[in-house]
Undergrad: 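Okay, handing you the structure first.
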Amino acid sequence: MSGSLKGLDIVSIRDFSREQIEQILDVAVKMVPIAKGEEKSTELEGRVLGSLFYEPSTRTRLSFEAAMARLGGRTLGFDEPKGSSVAKGETLADTIRMVDAYSDVIVLRHPQEGAARLAGHFAENPVINAGDGAGQHPTQTLLDLFTIRNEKGGIDGNHVVIVGDLKYGRTVHSLSEALSMFGAELTFVAPPTLQMPKEHVKHIESRGLKPRISNSLDEVIGDADVLYVTRIQKERFPDPAEYQKVAGAFAINRTMLREAKKDLIVMHPLPRVNEIDPDVDDTDHARYFVQAFNGVPEDGASLHGAWGDGMKEFKVTPIRNGTVIDHIDVGMSLKVLRIIGVRGDVSSTVSVLMHVPSKKGAWKDIVKIEDRELDPKELDKVALISPDATINIIRDYNVAEKFVVQVPERVKGIMRCSNPSCITNKNEPVEPEFVVETKKPLALRCSYCDRLTTDIAENIV
Ligand code: NCD
């Protein structure tokens with residue numbers, strides 16, 4: 001909802017940087033003993049997960065429920081919409097608004113692409129995409145990456161062969177994009193009609209990688225480190241006759257794996273239908289059930305991320321009047337307070353949230369100042385030390401104005417020159433003046449002595 005402040009939505013893997021993904025995977029490592037029931041956790045005690053599954057699921061729905069239960073929280077929701085008001089024609093937006101009020105985080109699976117993004121706009125609380133049609137499945141990707149990292153000691157440099165329905169399979173859309181962030185070598189094996197959509201291939205190529213496209217598993221299997229097998233997504237075929245043409249394509253069995261590297265691992269998001277013969281299950285290659293277990297620690301990490309590390313402080317309570325400065329560069333909130341002249345004596349009306357997960361970047365700080373709006377000079381100062389900060393002006397509990405601060409072209413009267421010998425530092429009747437030399441990183445050139453100042457926060461007056 002516009003103007004609201006909330007935790008981290010997990011909608012598309014594209015919204016995340018490699019660093020953010022690694023942070024989530026690192027949290028998942030700590031979740032393993034909790035997921036196994038070997039360690040107790042009360043981290044999410046009193047928290048409620050709204051679990052809305054408009055499409056069938058076993059692995060995804062139950063691993064979120066298991067993670068929530070292992071972390072001391074509870075789950076409500078439905079596993080098929082027939083028994084809910086969806087059957088009466090309720091819109092997704094209305095269902096989301098209601099469940100948002102009954103829970104603290106929503107996990108949504110829906111047949112339409114973009115459904116989770118829409119839910120994120122209507123929910124105050126974080127929304128986690130558990131699969132939107134043939135779109136994305138980012139939490140499956142997180143557990144897939146977690147599995148590859150555990151089993152292969154890393155992700156970079158592995159040759160991952162992805163086989164099956166690459167057109168409609170949402171898991172492989174998210175996974176291939178994520179793997180390209182980690183510099184894995186990719187081969188896509190599918191019947192030509194089910195190959196990876198161009199849009200995804202282009203995105204991967206924009207990262208400097210060139211995925212191999214093939215319709216022969218035999219040609220590539222000997223060179224694979226990871227074989228990621230997927231189900232042909234029968235339910236997404238507009239024409240059942242088209243499905244019949246490709247049903248059963250690329251089924252894996254033990255004999256085919258004779259050509260494989262000894263340490264090849266075979267993965268599958270599950271459910272499998274006939275793509276992996278059960279005779280593969282007791283080979284050293286099979287990892288799909290380990291992978292399914294990894295959903296629990298990984299979903300635990302996503303739920304943990306939904307509230308941020310400082311979970312209790314994270315919820316931003318509304319204020320009646322004042323200013324909320326959001327998206328402050330992480331670590332800069334106290335400097336923001338200092339440069340706009342807010343000190344300890346008014347602490348009762350000021351709140352600071354540090355190191356909060358951000359939808360735009362990795363982490364951010366937030367400052368909330370009651371009963372005060374910033375003047376243009378103060379806004380310029382904020383822009384100089386945190387150029388992506390967003391100002392929300394709150395009047396009578398509503399966001400009356402919202403804008404991103406702007407670094408001014410010329411900076412006058414709010415900074416001193418970093419050159420102690422500059423004439424502007426010598427009690428002359430002039431205001432120091434600067435021209436912006438570069439914006440990222442910000443560097444200002446003094447109009448009097450030409451000295452470049454990069455240590456902006458230290459020189460703001
Ligand atoms: C996948 C899905 O729903 O996209 N399952 C899962 O979440 N583990 C794969 C599939 O249904 O084939």
Side-chain angles (χ1 to χ4, degrees), residues 10-13 28 35 49 51-68 77-81 106-116 127-148 160 162-179 188-191 194-197 200 226-237 243 246-252 266-276 286-303:
I10 302 181
V11 171
S12 165
I13 207 73
L49 165 67
S51 166
L52 305 182
F53 278 73
Y54 289 71
E55 283 191 336
S57 171
T58 305
R59 211 281 309 139
T60 307
R61 186 172 65 82
L62 296 182
S63 79
F64 268 106
E65 279 196 34
M68 201 62 193
F78 51 76
D79 55 13
E80 71 135 306
I106 291 176
V107 171
L108 174 71
R109 167 166 291 185
H110 197 277
Q112 250 73 57
E113 289 164 42
V127 171
I128 297 175
N129 183 7
D132 59 333
Q136 291 261 337
H137 196 342
T139 63
Q140 176 71 46
T141 291
L142 290 169
L143 77 93
D144 294 342
L145 296 174
F146 184 76
T147 306
I148 297 173
V160 183
I162 304 183
V163 57
D165 184 348
L166 313 186
K167 178 178 181 189
Y168 295 117
R170 53 195 171 200
T171 62
V172 294
H173 298 161
S174 300
L175 178 64
S176 55
E177 295 206 358
L179 286 171
F188 299 140
V189 180
L194 295 183
Q195 258 299 350
M196 184 63 79
H200 291 286
V226 177
L227 180 63
Y228 194 96
V229 187
T230 63
R231 177 178 68 89
I232 310 284
Q233 309 279 296
K234 182 179 180 185
E235 66 277 25
R236 309 221 187 278
F237 279 69
Y243 169 73
V246 285
F250 300 114
I252 317 294
V266 178
M267 296 172 63
H268 192 302
L270 303 180
R272 69 173 148 176
V273 183
N274 51 12
E275 316 78 58
I276 303 181
R287 290 295 186 287
Y288 24 94
F289 291 113
V290 175
Q291 180 188 357
F293 163 76
N294 287 341
V296 183
E298 194 47 67
D299 292 346
S302 298
L303 291 167

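Here, residue 1 is the first one in the sequence, and each next residue gets the next number. Counting starts at 1 for both ligands and their atoms, in listed order.
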Undergrad: Do T60 and R109 get their side chains close enough for a donor-acceptor pair, meaning under 3.5 Å?
TA: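 Checked: T60/R109 side chains pair up, N/O donor to acceptor below 3.5 Å.
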Undergrad: Ion pair present between E80 and R61, side-chain N to carboxylate O less than 4.0 angstrom?
TA: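 The answer is no: the pair does not qualify as a salt bridge.
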Undergrad: Take every heavy atom of E55, measure it against each atom of ligand 1, and state whether any distance is under 4.0 Å.
TA: no
Undergrad: Does the side chain of R59 pick up a donor-acceptor pair with the side chain of Q140 at under 3.5 Å?
TA: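 Side-chain D/A pair, R59 to Q140: present.
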Undergrad: Considering L270, T171, T60 one by one, which has a heavy atom nearer to atom 5 (N) of ligand 1 than any of the others?
TA: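 Going through L270, T171, T60 one by one, L270 has the nearest heavy atom to atom 5 (N) of ligand 1.
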Undergrad: Report, in ascending order of atom number, the atoms of ligand 1 lying under 4.0 Å from any heavy atom of Q233.
TA: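 Contacts of ligand 1 toward Q233, numbered from 1: 10 (C), 12 (O).
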Undergrad: Ignoring hydrogens and geometry beyond distance, is a side-chain donor-acceptor pair present between Q291 and H268 at under 3.5 Å?
TA: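 The criterion, which ignores hydrogens and geometry beyond distance, is not satisfied for H268 and Q291.
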Undergrad: Would you mind listing which atoms of ligand 1 come within a distance below 4.0 Å of any non-hydrogen atom of H137?
TA: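 Ligand 1 atoms under the 4.0 Å threshold to H137: 2 (C), 4 (O), 6 (C), 7 (O).
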Undergrad: Check whether any heavy atom of P271 sits under 4.0 Å from an atom of ligand 1.
TA: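 Yes.
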Undergrad: Backbone N or O of I13 within a donor-acceptor pair of the Q136 side chain at under 3.5 Å?
TA: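 Yes, Q136 side chain to I13 backbone: donor-acceptor pair under 3.5 Å.
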Undergrad: Using a 4.0 Å cutoff against the non-hydrogen atoms of Q140, which atoms of ligand 1 qualify?
TA: 6 (C), 7 (O), 8 (N)
Undergrad: Say whether, by atom type as modelled, one donor and one acceptor occur between the side chain of R231 and the main chain of E275 under 3.5 angstrom.
TA: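 No; zero donor-acceptor contacts below 3.5 Å.
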Undergrad: Should you measure from each heavy atom of R59, which atoms of ligand 1 turn up under 4.0 Å away?
TA: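 By the 4.0 Å cutoff, the relevant atoms are 8 (N).
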Undergrad: Looking at atom 11 (O) of ligand 1, what's its closest protein heavy atom, distance included?
TA: R231 NH2, 2.9 Å
Undergrad: Closest non-hydrogen protein atom to atom 3 (O) of ligand 1, residue and atom name please, with distance?
TA: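 Of the protein heavy atoms, R170 NH2, 2.9 Å lies nearest.
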Undergrad: For G114, does its backbone N or O pair with a side-chain atom of D132 as donor and acceptor, under 3.5 Å?
TA: yes
